[in-house]
2 protein chains.
Amino acid sequence: MTLKVGNCLEELKTLDDSIADVIYLDPPFFTQKEHQLKTRDNLKEFKFVDKWTSLEEYLNFMDQVIKESNRILKKTGSVFLHCDKSASHHLRILLDKSFGSENFRSEIVWCYKRWSNSKKGLLNSHQTIYFYSKSQDFKFNMFYDSYSPTTNVDQILQERMRAKNGKTQYKRDKNGEIVNIKDKKGVPLSDVWFIPYLNPKAHERSGYPTQKPILLLERIIQLTTNEGDLVLDPFCGSGTTIVTAKMMNRQFIGIDISPDSISLTKQRLKNLVKTKSNLLERGEGDYINKNKKEFSILDSIDAIPVQRNSGIDGFLKAKYLGELIPIKIQREDETIQEALNKLLKSGKSKKYEYMILIRTNHNQQSFHDSFECENDHVLIMNSYDLFIEDWVKLNKLSVSTSFSLQKEQDAISTN
Amino acid sequence: MTLKVGNCLEELKTLDDSIADVIYLDPPFFTQKEHQLKTRDNLKEFKFVDKWTSLEEYLNFMDQVIKESNRILKKTGSVFLHCDKSASHHLRILLDKSFGSENFRSEIVWCYKRWSNSKKGLLNSHQTIYFYSKSQDFKFNMFYDSYSPTTNVDQILQERMRAKNGKTQYKRDKNGEIVNIKDKKGVPLSDVWFIPYLNPKAHERSGYPTQKPILLLERIIQLTTNEGDLVLDPFCGSGTTIVTAKMMNRQFIGIDISPDSISLTKQRLKNLVKTKSNLLERGEGDYINKNKKEFSILDSIDAIPVQRNSGIDGFLKAKYLGELIPIKIQREDETIQEALNKLLKSGKSKKYEYMILIRTNHNQQSFHDSFECENDHVLIMNSYDLFIEDWVKLNKLSVSTSFSLQKEQDAISTN
DNA sequence: TCCAGAGATGAATCCACCC
DNA sequence: GGGGTGGATTCATCTCTGG
């Protein structure tokens, strides 16, 4: 339970051998920039400098940090080195050297969605965490994820066996019945972690730049330590590791060269704040207000779908009439009039002149009733399905059905 | 359009300087294993050996491959090196050396869900693709994704500006009204690609181990080349790169040391030509884009696409009137009359009573002309796009007052 | 040639407002 | 007043321009 202000290397050298269960290293990434940020109340500015005279200088420093970390770890302990594309390959070579490539455990990818920029090329949206253990005999608490919704339920619930030809098949008992699996824990945790980036508006934000989310550290600490174990963070920064360790009843040592950083950490310890991520808790699906049908309509007219507004479902990609044109698709529980009103309201407050409404049903109206909108800046068109439905209804009145099974099968087999 | 059996390095040396637009390198990953797999019919076994006397031997080989690749690339060209945790860090150092670290573009993470062996530790479920360009002046086709469901519409719609204090806020015009954004493309493609490992279509599987999904190669080729450009794959394997290049109308060179591999590639190419011949022979532009529109129309009316003959493109999944209903989508080069005739002919020979024709353009007709079909067993409906197109044209004609010339010209130029 | 500053950007939270 | 909707805000990236 220690927090120290001081040069990371010197402080590490004062620590005993084989005492730490996990060390989380979150050093400067070799971005060659100065990082700064203000607190939410704008009163205080935190910064740190990540500028080096050369890659060699940086790597020399990091090599020593890694060597010391190895010394301080218990035989069953692990290290997590957080970095990004800037120097990850060089750092891993240092890790191989100090820990041995046989103690490489995982390359963890932390990925997230974040604001975009106008870069030519791909949008960078992940960082890398190298996971090495001090020995083969490392402490590891297995962690299981829930099955993905797309997983075939049969595969979860049925036992499998190997047939004579070496292929796997579902097991049957002597009566030919399928055999259900008794105990399935879920899917072992993947090495790709989707954890939302700490939002600029989140309460969890302390004002320290490059702050990591508590959720990330929770996972690392959970995987490699038990209660009472010792967590060491030599690049303490905003103190996320320390705060998380405290919340999880682990012991901790935090080191940082900046007094500001250590006092911030102390402050956060006194007042433990963890943002609950709505996104993670509710899932992405909770934000989506469209079903597959509506998406596919938008797709087929080359529109960009948007969420979080009941009046607008998307925009035409093409810039007809020199403007973006918003689109709404009538919902099953809306009358066409209600749908139109919502669209007009959204369109008006956003000053849109031209809009498109797609009618998908005749809710509370006979299909004979026509619907006219006096505003000719709104295009109202029937969905294909509605067209077909009406046509079928019209024909049904006059036609009796003839139907051959053979015909149907022919048609399907051409697929 | 060449396929060569031979040692990768020797064959590369026979190629001229500066000819390739993209090179996809999918070498052995230094797994120190022999990989083998049988075809689906169990008749043939493919294998390759990824065993080396030392890391140095492997890296020496790869260094030469990378140097040759650099030489063969055009100045605007790019290389994608596919690898995994086994040697990725060493390989990236070689890339830095040959291409220069300033030409590092992205570390692409290909991640997927995978069935688990529950070893101690995290489940490995990603591979890495390093993307380097030969120069800063590299060819790159931007590619956009949908917005996140949590993004609110105002973000997307309203222009913003920087206030005096440096903070961003929504822009207002001199009347205090919000200013709309004119053009939105979506979110730039991320460097984390989730693409299923085993492709949904199992018959894509050739029996070759470590086969890569077509979707992955499609994306790489799309990002960095245009039609007619040259794609080179020195580790051809099952030939996915070559097959994809062919489908996308790119030129290609494939090299592999194994005659089995090259003959498999040839077979896949022939098969592709056989099944897709209708589309490829028409030779009208990008096969993939062309079909997206038609597929998405069929998808949005819940229809099953069928092998395309000129008369029928799909069938409604729902059996209205107890009958299957065939659908045709008017081609760009057909008049609506021609399209109807083809549909009627196909429908008649197969004795379909009811049919649907979707009109996508006014080929050789003014949009004022209406087209009536006396056969009321055929439903003719306009595509959404056609509706919108007509609406735009109408507005251009009738709305003269509230319509500025600039707007009109924009509309024309987007057409 | 290099640096400073302005501009653009969207995810996800907070929060004001409205029934 | 509370549940839901949608508007406002902030961050760290990259590009571009001018001195």
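Note that the coordinates shown come from a computational prediction; the quantities given were computed from them, not determined experimentally. Chain letters run A, B, ... following the sequence lines, proteins first and then strands; every chain starts at 1.
Under 4.0 angstrom from either OP1 or OP2 of D:dA12 there lies no side-chain N or O belonging to A:Tyr208. Within the 4.0 Å cut-off from OP1 or OP2 of D:dA12, not a single side-chain nitrogen or oxygen of A:Lys47 is found. The phosphate of C:dT9 has neither OP1 nor OP2 within less than 4.0 Å of any side-chain N or O from A:Ser116.
Contact of B:Gln169 with D:dA8 (side chain to base): no donor-acceptor pair of N or O atoms is detected under 3.5 Å. Between the base of D:dG4 and the side chain of A:Arg308 there is no donor-acceptor pair shorter than 3.5 Å. Checked by distance alone, A:Trp115 brings a side-chain donor or acceptor within 3.5 Å of a matching partner on the base of D:dA12. Judged by distance alone with a 3.5 Å cut-off, no donor-acceptor contact links the side chain of B:Glu159 to the base of C:dT9.
Of the two residues contacting DNA chain D, namely B:Tyr170 and A:Ser310, the nearest-nucleotide position lying further toward the 5' end is that of A:Ser310. Along DNA chain D, the nucleotide closest to B:Asp154 and the one closest to A:Gln211 are compared, and the more 5′ of them pairs with B:Asp154.
Ring pair A:Tyr58/A:Trp52 is perpendicular by interplanar angle, where above 60° counts as perpendicular and below 30° as parallel.
Backbone-only contact: A:Asn309 has heavy atoms under 4.0 Å from sugar-phosphate atoms and none from a base. Within 4.0 Å (heavy atoms only), A:Lys342 reaches no atom of the nucleic acid at all. Among the heavy atoms of the strands lying under 4.0 Å from B:Gly186 are primed sugar atoms or P, OP1, OP2 only; no base atom is included. Using a 4.0 Å heavy-atom criterion, one finds that A:Lys345 contacts no nucleic acid atom at all.
Among the nucleotides D:dC14, C:dC14, C:dA12, the one closest to the side chain of A:His203 is C:dC14. The side chain of A:Asn199 has C:dA12 as its nearest neighbour among D:dA8, C:dA12, C:dC15. Distances from the side chain of A:Pro209 to the nucleotides D:dA12, C:dG10, C:dA12 place D:dA12 closest. With distances taken from any side-chain atom of A:Lys119 to the nucleotides D:dC14, D:dA8, C:dG10, the minimum falls on D:dC14. Nearest to the side chain of A:Arg114, among D:dG7, D:dC14, D:dT13, sits D:dT13. The side chain of A:Tyr197 has D:dA12 as its nearest neighbour among D:dA12, D:dT9, D:dC14. Comparing D:dC14, C:dG10, D:dT9 against the side chain of A:Lys201 picks out D:dT9 as the nearest. Side-chain atoms of A:His35 lie closest to D:dT13 of the nucleotides C:dT13, C:dT9, D:dT13. For A:Arg205, whose side chain is taken as the heavy atoms from C-beta onward, the closest listed nucleotide among C:dT13, D:dC11, C:dA11 is D:dC11.
Rounded to whole Å, the distance from NZ on A:Lys351 to P on D:dG7 is 11 Å. C:dA4 atom P lies 13 Å from atom NZ of A:Lys33, rounded to whole Å. Protein atom CD1 of A:Ile304 is 12 Å distant from nucleotide atom P of C:dT9, rounded to whole Å. Residue A:Leu122 contributes atom CG, which lies 13 Å from atom P of D:dC14 at whole-angstrom precision. Taking atom CZ of residue B:Arg160 and atom C1' of nucleotide D:dA12, one finds them 13 Å apart after rounding to whole Å. In this structure, CG of B:Leu157 is placed 12 Å from P of D:dA8, rounded to the nearest angstrom. Rounded to whole Å, the distance from CG on B:Asp145 to P on C:dT9 is 17 Å. Between the CZ atom of B:Phe104 and the P atom of D:dC14 there is a distance of 11 Å, given to the nearest Å.
Close placement of the A:Phe29 and A:His82 rings is indicated, their centers lying within 6.0 Å of each other.
Across all strands shown, C:dT1 remains unpaired; no Watson-Crick or G-U wobble contact has both distances below 3.5 Å.
The cationic group of A:Lys120 lies under 6.0 Å from the six-membered ring centre of B:Phe138 and within 45° of the ring axis, placing it in a cation-pi geometry.
Under 4.0 Å is where a charged nitrogen must lie from a carboxylate oxygen, and between A:Asp313 and A:Arg331 at least one such pair does. Salt bridge annotation for A:Glu284-A:Lys113: present, with a cationic side-chain nitrogen under 4.0 angstrom from a carboxylate oxygen.
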task: Under the salt bridge (charged side-chain N to carboxylate O under 4.0 Å, His left out) rule, what do A:Lys47 and A:Asp260 come out as? Steps first, then yes or no, please.
output: CA-CA 9 Å; A:Lys47 67 173 173 183; A:Asp260 277 353; over 6 Å; no

Tell me which donor-acceptor pairs under 3.5 Å the side chains of residues 191-199 of chain A have, and how far apart each pair is, sequence neighbours excluded?
| residue | atom | partner | partner atom | Å |
| --- | --- | --- | --- | --- |
| A:Asp191 | OD1 | B:Ser125 | N | 3.0 |
| A:Asp191 | OD1 | B:Ser125 | OG | 3.4 |
| A:Asp191 | OD1 | B:His126 | ND1 | 3.2 |
| A:Asp191 | OD2 | B:Asn124 | ND2 | 2.7 |
| A:Asp191 | OD2 | B:His126 | ND1 | 3.2 |
| A:Trp193 | NE1 | A:Ser190 | O | 2.9 |
| A:Asn199 | OD1 | A:Lys201 | N | 2.9 |

